[in-house]
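Below is one structure, written out as structure tokens, with a few remarks after it.
One is the number of the first residue; the rest follow in order along the sequence. Remember, it's 1-based here, ligands and their atoms both numbered in the order they're listed.
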Amino acid sequence: MAKTDENGDHRTAGPVGAGAMLHLIRDGEAVTRAELARRTGLARSTVAQRVDALIARRLVYEAGGSESTGGRPPTLLAFNHDAGVVLVADLGATHSRLAVSDLAANPLAELAEDVDIALGPERVLDWVHERFVGLLEKAGRKQADVRGVGVGVPGPVAFHTGQPVSPPIMPGWDGFSVPDWFADRYDAPVLVDNDVNIMALGEHFSHWRETEHLLFIKIGTGIGCGIVAGGRIHRGAEGAAGDIGHIQVIGNEDVVCHCGNIGCLEAVAGGGALAARLSDEGVEAHNARDVVKLVRAGDQAATRMVRDAGRSLGEVLASCVNFFNPRVIVIGGDLGAAHEQLLAGIRERTFLRSLPLATGTLRIVPSQLGDRAGVIGAAVLVIEHVLAPDVIDRAIEVGTAGAPVR
Ligand SMILES: [Zn+2]
């Protein structure tokens, strides 16, 4: 999309179709026909034609006049969030959250329920589908309104095919095509990603959109990291980027991880490991949530363990900071709810062991979305896909006037 004007300056250029204009309107960068003409360098008649196509598909509406200029105020254009919905599921090991969201990633109806991912893909997805039907009804929307489906799973995913890849805690899911399963039920694209990636996306979209480089650390039963690099999710060659849970923490040679190695971060500082250690000390705890409850109730053993876990995390994050130079690290996941204790240890070690240039403007903060980060991020993933400029342009080219964009 490079085009140069008479002064040799770059301008939004390109093939500037209706899809690119929708993008400018959604971002609030150009919200009148005149601004669109200025930004794109296209003739006003061409702009008018493309805006009409977006209005015909209910993606854009006329939101009244602008006050800013003299004479007849130009009509403001706005993106129509209600031009469809997306269905999203953030599936954890034992606990899941599902939502139906509008096209601005606002949940219209949502629910959180326990389901064991180890039941296998068919039973779990049947369960998900049943709840999607109920959520659509609750939101007053129809199956025909569904523009896309997004699913987060607790394991590595081949993003382009939507198939989990050797996920350690998801028996039966290896190579299972989640999009194929949904294809019979919805005439809409289905995207599948690792749960930490969608959480990173949700937090980035909601609170750090101007931040190019961000790490999202999920501390639940296990530990994982979602990487936003240059404003986009970095998944790596095999979808395994950010698997920091199995980086070794020095000084824990007696700790054996389920992966077979020793001293892994997850086995030292994960919520599952802390709960097991507390149980060994005679304090009842089964998972990360129980550990957080104990910390909130003032249990000293639990509080000490979470602070130590923060230090172990800080050791590993210091290396990540030196390597990746993020501007922001967001701490989330079930154990992340005990962030007062965790953050102290994380900050102490990260700043002690990272190079000053990398920590100069570094911020380490708790997740603001909490356990909703996943569903919001899954919605963002799907929305950015279905509203991508080339997808919109294709739909308008082949579609008939007034037909919904698919
Ligand atoms: Zn390990």
Strictly under 2.8 Å, is any N, O or S atom of C264 next to the Zn ion (ligand 1)?
-> yes
Atom nearest to the Zn ion (ligand 1) - H246, N, O or S atoms considered | ND1
Would you please classify the geometry between the H246 ring and the H258 ring as parallel, tilted or perpendicular, with 30° and 60° separating the classes?
-> perpendicular
For R185, does the CZ atom sit with more than 12 other heavy atoms under 6.0 Å from it, leaving out its own atoms?
-> yes
Among R97, R131, K138, whose salt bridge (charged side-chain N to carboxylate O under 4.0 Å, His left out) with E110 holds?
-> R97
Residue pair T361 / R327, side-chain donor-acceptor N/O under 3.5 Å | yes
Just to the nearest 10 degrees, tell me the angle at the Zn ion (ligand 1) spanned by C257 SG and C259 SG.
-> 110°
